[in-house]
Engineer: 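Sharing a structure here in structure tokens format.
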Amino acid sequence: TPDHLALFGAEMALIRPPIVFHRIQMDERMTPAKWRAQVCAIEAAATALPAGSTTVVFVDEANATRIMGMVTETLLTGCLDGRRLRGAIAWVAAINPPTDRVDARLAPGPGIAPAPPRAPVPADRLATEYVVAEMAPPLRTYILDVTPLPAARAKDSDAFLRSFILDRCAGVRGIVGRVNARDMAADPHAARRAAFNASWREFMRVAIVASQGFIASTAARRGGDWVRMKVSIRDMTRTILLYHFFLEPRNAWVFLGIPHLDTGVGACRDPLLLQVPPASDAVEAARLHAEQNLHWHSFMLALAVVYVLRLEAASVTIGGAQEWLREQYGEVVADVVLGRARNAAGVVVGMPDDDTIVRLHGRAALGTVLDGAVRRCYTMQAVPYGVAPTQALMENVFAAVVCMEASLGLIVKGPPGSGKTLAVTIAVDSMRGDTSVHPLMRLLRLVRKCAYQCSARSRSDDIARVFQD
């Protein structure tokens, strides 16, 4: 009956855990101190509620503020200043809708010049254009991006690296892709690939862990400004991303001079592979060796870009003794191959011996791969007459070309007159797309230079205006 239904509804309302609502109104006057105070007050109220209660916080106009990092951290991770909030708190936020103009009611902050009028936003960019500010990544993302994990979370870092390598290699054709039982039954050479896959992935993991340990221990021994040089998750992921970058047929042909077995850019023209029937064992064996060689060179060059180029090529004085850091790092990679590598804590992180990896290392060590790629890249550049091809200049040009093609940030550090600006200028002038002078450079993207000369009076809005214009 209706009376029974009404009674049932009333009883259900009584036994349901209470839901408490809070609202935070955001605007350009919101400061970090005000945000912390409001969030802490809501946390205290949420923890005082009975068990099973839920607190819902509605953040209105969440992007109408200048503390987007703090706001995004709380909304996406439920943390405040890196500390997870207590209580059952659900966050709901509303952001300003897309617009093609700046709201005139939003006045600039103290010391900040008014932004110039913006042109209408294209339709494909409306989804990321907001009245005040875009949704910034959480502050914890920046922390993990530029600083190492604490020692207590070393296992988490290692687990992340294992998962990242396996995930990135799952879709790669060749020696690191997953090989199932059906493939091994249909192709006898697939079993050899499957046996090598595990060893190769483990080799990459141990090599990255040993590299992180070498850079960290070297920075600690050198002291001074080197103490601020950190290794982080970013170095791990960047190594694997560059490894896949050099695996691409176009990039392998441009930077490594290694042709792919397939048709197309840099296709292999080996007479043996063209004359022998595709199903023969000779072709499959040659294909497997070529794939292993390509993956080895790609990974060695990725390690060199991330770890080697940050080290001096000349000897340095550490503790009163002369040391050659690049040679020491090469010995670290050799120790990984031979199962003698150590991590940052000095613990041996060896791997199963693999004759193929030992053979690849014997044919092309890390220094050989890097030197060949640097010189090959420099010969493709439009270098002005009279410029001496010093080792520092060639390496800076190589790093600039790779990072611009791979869309990675690059900071070139050195004393005045060491060729930092010259290297970037040479790389930009040579990367002209289809109109590049060298045929191989035509396979790379077209680069347009946008420069800003920093000084003691530089401000963030001045830099932003250069790129907006």
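Only heavy atoms go into these numbers, but all of them, side chains included; no hydrogens, no water, no symmetry mates. Quantities reported herein were computed from a predicted structural model and do not represent experimental measurements. Numbers here simply count residues along the sequence, with the first being 1.
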Engineer: Quick check for you: to the nearest 0.5 Å, what is the distance between Met70 atom CE and Thr72 atom OG1?
Structural biologist: 11.0 Å
Engineer: Parallel, tilted or perpendicular: which fits the ring planes of Trp200 and Trp296, with parallel below 30° and perpendicular above 60°?
Structural biologist: tilted
Engineer: Please report the C-alpha distance between Val383 and Leu393 in whole Å, then the side-chain angles of each, then the deciding distance to 0.1 Å, and finally whether the side-chain contact (heavy atoms from CB on, under 4.5 Å) criterion is met.
Structural biologist: CA-CA 11 Å; Val383 183; Leu393 177 62; 5.7 Å; no
Engineer: For Leu325, is there any backbone N or O sitting under 3.5 Å from a side-chain donor or acceptor partner on Glu312?
Structural biologist: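 No, the answer is negative, given that no donor and acceptor are paired below the 3.5 Å cut-off.
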Engineer: Please check this pair: side chain of Thr239 against backbone of Leu303, looking for a donor-acceptor N/O pair closer than 3.5 Å.
Structural biologist: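 No, because the side chain of Thr239 does not come within donor-acceptor range (under 3.5 Å) of the backbone of Leu303.
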Engineer: Out of curiosity, Ile240 CD1 to Met204 CE, how far, rounded to the nearest 0.5 Å?
Structural biologist: 5.0 Å
Engineer: Measuring only between side-chain heavy atoms, which start at C-beta, is Arg238 closer than 4.5 Å to Val305?
Structural biologist: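 Of all side-chain heavy-atom pairs linking Val305 with Arg238, none is under 4.5 Å.
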Engineer: Anything under 3.5 Å between a donor and an acceptor, one on a side chain of residues 361-374, the other on a protein residue two or more places apart or in another chain? List them.
Structural biologist:
| residue | atom | partner | partner atom | Å |
| --- | --- | --- | --- | --- |
| Asp371 | OD1 | Arg375 | NE | 3.2 |
| Asp371 | OD2 | Arg375 | NE | 3.2 |

Engineer: Without hydrogens or angle criteria, can the side chains of Gln322 and Thr317 be said to hold a donor-acceptor pair below 3.5 Å?
Structural biologist: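 On atom types as modelled, these side chains qualify, holding a pair under 3.5 Å.
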Engineer: First locate atom CG of Asp462, then atom SG of Cys454, and finally report the distance between them rounded to the nearest 0.5 Å.
Structural biologist: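 Rounded to the nearest 0.5 Å, the CG-SG separation comes to 10.0 Å.
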Engineer: Before you tell me yes or no, could you show the steps for Glu395 and Tyr378 under side-chain contact (heavy atoms from CB on, under 4.5 Å), namely the whole-Å CA-CA distance, both residues' side-chain angles and the distance that decides it to 0.1 Å?
Structural biologist: CA-CA 8 Å; Glu395 290 182 356; Tyr378 190 78; over 6 Å; no
Engineer: Kindly say whether Val306 contributes a backbone atom to a donor-acceptor pair with the side chain of Arg310 at under 3.5 angstrom?
Structural biologist: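 Present.
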Engineer: Would you please name every residue forming a ring-ring contact (aromatic ring centres under 6.0 Å, His included) with Tyr307, sequence neighbours left out?
Structural biologist: none
Engineer: Check Ser199 against Ile357 and note the closest heavy-atom contact, atom names and distance.
Structural biologist: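 Taking Ser199 first and Ile357 second, the nearest heavy atoms are O-CD1, 4.0 Å.
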Engineer: Look at the rings of Phe299 and Phe203 and say which category their plane angle falls in: under 30° parallel, 30 to 60° tilted, over 60° perpendicular.
Structural biologist: perpendicular
Engineer: Please name all residues satisfying side-chain contact (heavy atoms from CB on, under 4.5 Å) with Arg445, sequence neighbours left out, ordered by chain then number.
Structural biologist: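 In terms of side-chain contact (heavy atoms from CB on, under 4.5 Å), with neighbours along the sequence ignored, Arg445 is linked to Glu405, Ser407, Met431, Val447.
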Engineer: When rounded to the nearest 0.5 angstrom, what is the spacing between CD1 in Ile215 and CG in Leu311?
Structural biologist: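 If I round to the nearest 0.5 Å, the distance is 4.5 Å.
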Engineer: Taking side-chain contact (heavy atoms from CB on, under 4.5 Å) as the test, write out the residues that go with Leu241, two or more places apart.
Structural biologist: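 Counting only residues at least two positions away or on another chain, Leu241 forms a side-chain contact (heavy atoms from CB on, under 4.5 Å) with Phe164, Arg168.
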Engineer: Please report the interatomic distance CG(Leu443) to CZ(Arg250), rounded to the nearest 0.5 Å.
Structural biologist: 7.0 Å
Engineer: Over all heavy atoms of both residues, which pair between His438 and Thr379 is shortest? Give the atoms and the distance, please.
Structural biologist: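 Closest heavy-atom pair between His438 and Thr379: CD2-O, 4.0 Å.
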Engineer: I'd like to know if the side chain of Ser315 and the backbone of Trp324 have a donor-acceptor N/O pair within less than 3.5 Å.
Structural biologist: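 No, Ser315 side chain to Trp324 backbone: no donor-acceptor pair under 3.5 Å.
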Engineer: Can you check side-chain contact (heavy atoms from CB on, under 4.5 Å) on Glu28 and Thr65, steps first, answer last?
Structural biologist: CA-CA 4 Å; Glu28 66 274 11; Thr65 176; over 6 Å; no
Engineer: Looking only at heavy atoms, which two atoms of Tyr243 and His295 are closest? And how far apart?
Structural biologist: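 Taking Tyr243 first and His295 second, the nearest heavy atoms are OH-ND1, 2.6 Å.
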Engineer: Out of curiosity, Phe246 CZ to Leu301 CG, how far, rounded to the nearest 0.5 Å?
Structural biologist: 4.0 Å
Engineer: With no hydrogens and no angle check, do the side chains of Thr218 and Tyr329 hold a donor and an acceptor under 3.5 Å apart?
Structural biologist: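 The answer is no; no qualifying pair exists.
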Engineer: Between Arg162 and Glu202, does any side-chain N to carboxylate O distance fall below 4.0 Å?
Structural biologist: yes
Engineer: Contact between Val254 and Met380 at the side-chain level, heavy atoms closer than 4.5 Å - yes or no?
Structural biologist: yes
Engineer: Keeping the roles fixed (side chain from Ser430, backbone from Ala427), state whether a donor-acceptor pair exists under 3.5 Å.
Structural biologist: no
Engineer: Might you point out which heavy atoms bring Gly419 and Asn396 nearest each other, and give the distance in Å?
Structural biologist: O-ND2, 4.3 Å
Engineer: I'd like to check His244 versus Leu247 (side-chain heavy atoms, cut-off strictly below 4.5 Å). Are they in contact?
Structural biologist: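 In short, these two side chains touch, coming nearer than 4.5 Å.
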Engineer: Would you indicate whether Arg376, at its atom CZ, is surrounded by more than 12 heavy atoms from other residues, nucleotides or ligands within a distance under 6.0 Å?
Structural biologist: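 Above 12, so yes.
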Engineer: Go through the structure and list residues passing side chain to side chain donor-acceptor pair (under 3.5 Å) with Thr425, not counting sequence neighbours.
Structural biologist: Lys449
Engineer: Does Thr74 use its side chain to pair, donor to acceptor, with the backbone of Cys79 at less than 3.5 Å?
Structural biologist: yes
Engineer: Could you list the residues that satisfy side chain to side chain donor-acceptor pair (under 3.5 Å) with Gln328, not counting sequence neighbours?
Structural biologist: Glu323
Engineer: Would Val333 and Met300 count as a side-chain contact (heavy atoms from CB on, under 4.5 Å) if you check the C-alpha gap in whole Å, the side-chain angles of each, and the deciding distance to 0.1 Å?
Structural biologist: CA-CA 9 Å; Val333 176; Met300 287 297 102; 4.1 Å; yes
